Structure formats: structure tokens, C-alpha cells
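Notes follow the structure.
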Amino acid sequence: MSESFVRSSALMGTVITIEVIGHGGGGQGHLDREFAVDRAFDWFRTVEACCSRFDGESEVRRLSARAGEPVVASDMLFEAVRFALAVAEESGGAFDPTVGLHMEERGFDREHRTGRVVRTPLVPARPVSWRDVAVDHARKTVTLACPLLLDLGAVAKGLAIDMAARELAPFADFAVDAGGDVFVSGHNAEGAPWSVGIRHPRDERALIGTLRVSGVAVCTSGDYERRSPRDGAGHILDPRAGGPSTGVASVTVLAPSAMVADALGTAAFVLGPEKGIAFLERQGVDGLMVTPALERFETRSFASPGVTA
Ligand code: AMP
Ligand code: MG
């Protein structure tokens with residue numbers, strides 16, 4: 001049993017728990033470890049300040065107010081937008097980061113800390129899509145072709161987990177858990193691979209499986225997470241149908257990066273069970289999808305020896 005250091009903090013509308021085992025191979029001491037964990041938590045604040053749709057001062061909202069001109073973006077915002085557009089293209093528009101105003105209309109308009117309602121004084125001239133967003137890799141600019149509100153809710157948490165994990169890399173054995181979306185590295189306190197439970201989508205006290213994994217992110221999108229105050233439907237939209245996506249109860253994706261697992265899970269959710277699994281296989285990641293009737297769909301190599309379900 002190795003010594004474990006655990007800290008939790010309420011950030012990004014969820015509870016983040018970071019666990020570090022031992023002091024790392026580089027001779028790091030107690031203080032180094034505490035500082036590294038503090039810096040890891042700071043990434044959640046930094047990503048939120050950059051990518052939050054609910055903060056009028058966030059970089060993404062300032063960008064949304066400047067349609068029609070190329071806007072130089074920070075490395076972080078550029079990376080999040082670039083990646084979201086790539087997933088939009090790969091998923092044929094099932095994933096679409098321009099759903100911001102639509103999310104507001106459906107009642108997803110409250111800042112999680114203050115409960116304050118955030119409304120964007122923006123009237124789109126026409127229906128918008130990810131094709132109205134262009135990035136210039138050389139200049140690091142983002143251009144919105146017309147007024148629209150970007151929503152990076154499906155990538156931001158994963159990005160923050162990845163940044164936190166990078167901060168903790170010198171310690172080799174650690175876990176970052178952001179309300180069920182995790183990145184695990186090395187071994188747990190017992191010297192074994194980490195155990196990651198997959199929540200039952202209809203019973204919050206039950207698990208539908210447990211993964212024994214390491215060096216991987218595991219992210220889950222569920223229809224139970226947040227519901228529209230308008231009609232009780234979930235928080236993932238099908239941009240092609242213009243309404244909530246209802247054919248899936250939860251999607252769990254394993255990937256080398258949490259941003260990838262987070263976004264591909266949301267995309268698969270919208271695509272539905274059959275197309276979603278085919279999409280995850282094409283992207284070279286593993287996943288499990290559960291329908292509202294509790295039918296399970298898995299990628300071919302999901303039920304590997306590390307999975308007990
Ligand atoms: P997640 O919980 O990772 O599945 O992400 C869900 C969040 O992504 C929602 O709260 C919205 O902010 C955003 N979102 C909803 N529908 C879509 C969509 N079709 N494509 C991209 N992002 C979406
Ligand atoms: Mg996601």
C-alpha cells in the first residue's frame with residue numbers, strides 16, 4: 001500500500017477529485033506534490049474562464065460578440081475550437097459547437113455557481129452550424145461568419161482534465177476525477193490498475209460495469225446529467241433534428257486524451273447506438289452505449305480483459 005494524497009474541490013459545476021500516489025520518481029517532496037495538485041486544480045479555473053458560455057467575460061463569449069472578423073485566440077481557445085470543428089466534420093454535424101443559443105432557448109442558461117440567468121442578446125439572421133466557424137492555423141484566428149454563440153461544453157471539461165494530467169505527469173501514479181469523467185495514470189495505492197466505475201444511467205447508486213485501466217481517459221455523457229427546465233429532456237441536442245437527442249441514455253468512451261473521450265462521447269450520443277458505435281470504431285476508440293431501454297452496444301474490443309460488466 002503506497003501513501004496516497006487526495007484533494008477535492010468544487011469547480012466547473014462538479015466535484016473534482018485528484019489523487020496522487022507517492023512522490024514521483026524525480027525525488028519530489030511533499031510540497032512539490034501539493035503545489036502540483038494546486039496547479040492541476042487551477043487548470044479547471046483557467047479552462048472555465050476561457051471556454052464558459054455562462055461568463056460574459058470569458059474569451060469564448062467575447063469572441064461570439066465579434067462575428068465577421070478574424071479574432072486572434074489564445075492557444076487554449078484555439079485548440080478547443082479547432083478540435084470541436086474536427087469532431088463536427090467527422091461526425092457529419094451530429095456534434096456541433098454552435099448550439100449555444102439553442103441551449104439557452106432550451107433553458108440551459110444558468111451559471112452553476114451563482115444560479116444567475118445568462119442570456120445572449122443575439123438574434124441569428126439564419127440557422128447556423130459549425131460551417132459558419134473558420135480557423136486559421138497560421139494566424140491562430142477564429143472567424144464567425146455570422147452572429148452565433150459557441151458552446152464548448154462537450155470539450156472543455158476533457159481539456160481541463162488533460163491539462164491537469166499533464167501537470168501531474170511527473171508523479172506517474174495519479175487519478176483526476178471530474179464528476180465521473182476521469183484520467184488515470186500508472187497504479188492506485190494498492191499497486192494495481194485503477195478501477196473506474198460506469199454509472200447505471202437509471203440508478204445513480206448502481207454501476208453497469210467497472211473498468212480496470214491505466215494511462216487512459218474514461219468519459220461518460222448521460223441523459224440524466226442535466227435536464228431542460230422546459231420539458232425535462234437531456235442536455236445534448238441533435239443539431240440536425242433541432243431538438244434534444246433522445247435515443248441514448250449514456251455513452252462511455254475510453255481514449256488516450258480526455259478531450260477526445262469527452263467530445264467523441266457526445267458525438268456518439270447524438271448519432272445513436274448503431275451509428276455511434278460505428279463512429280467510435282472509425283475513430284479508433286472504445287466505447288459502451290446504453291439505450292433508455294437499457295440495451296447495450298459496445299465497440300468490438302470494449303469487453304477486453306480489463307472490463308468487468
Ligand atoms: P457532455 O456532457 O460532454 O456530453 O457535453 C454536453 C454539453 O455539450 C452540453 O451541455 C452542451 O453544452 C454541449 N452540446 C449539446 N449538444 C451538443 C452537440 N450536438 N454538439 C456539441 N456540443 C453539444
Ligand atoms: Mg462529452
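Quick caveat: nothing in here was measured; it's all calculated off a predicted structure. Order of listing sets the numbers, starting from 1, for every ligand and every atom in it.
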Close aromatic pair by centroid cut-off 6.0 Å: His23 and Phe5: no
Are the charged groups of Asp151 and Arg53 less than 4.0 angstrom apart, N to O? yes
What are the protein N/O/S atoms, named by residue and atom, that sit under 2.8 Å from the Mg ion (ligand 2)? Asp262 O, Asp262 OD1, Thr266 OG1
Look at Asp55 together with Arg61 and state whether they make a salt bridge at an N to O cut-off of under 4.0 Å. no
Identify all pairs of nitrogen or oxygen atoms, one from ligand 1 and one from the protein, separated by less than 3.5 Å, and list them with distances.
residue  : atom   : partner : partner atom : Å
ligand 1 : 2 (O)  : His235  : NE2          : 3.1
ligand 1 : 3 (O)  : Asp262  : OD1          : 2.7
ligand 1 : 3 (O)  : Thr266  : OG1          : 3.2
ligand 1 : 4 (O)  : Ser221  : OG           : 2.5
ligand 1 : 4 (O)  : Thr266  : OG1          : 2.7
ligand 1 : 8 (O)  : Ala154  : N            : 3.3
ligand 1 : 10 (O) : Arg226  : NH2          : 3.1
ligand 1 : 12 (O) : Asp151  : OD1          : 2.7
ligand 1 : 12 (O) : Asp151  : OD2          : 2.8
ligand 1 : 16 (N) : Leu237  : N            : 3.0
ligand 1 : 19 (N) : Ala94   : O            : 3.0
ligand 1 : 19 (N) : Leu237  : O            : 2.8
ligand 1 : 20 (N) : Asp96   : N            : 2.8
ligand 1 : 20 (N) : Asp96   : O            : 3.4

Residues Thr220 and Thr252: side-chain donor-acceptor under 3.5 angstrom: yes
On the ring face of Phe302, is Arg296 found with NZ or CZ under 6.0 Å from the centre and within 45° of the axis? no
Does Glu48 pair with Arg45 as a salt bridge, N-O distance under 4.0 Å? no
State, yes or no, whether a side-chain contact exists between Asn188 and Ser214 at a heavy-atom distance under 4.5 Å. no
Heavy atoms, side chains only, cut-off 4.5 Å: are Leu144 and Val133 in contact? yes
Heavy atoms, side chains only, cut-off 4.5 Å: are Leu271 and Phe95 in contact? no
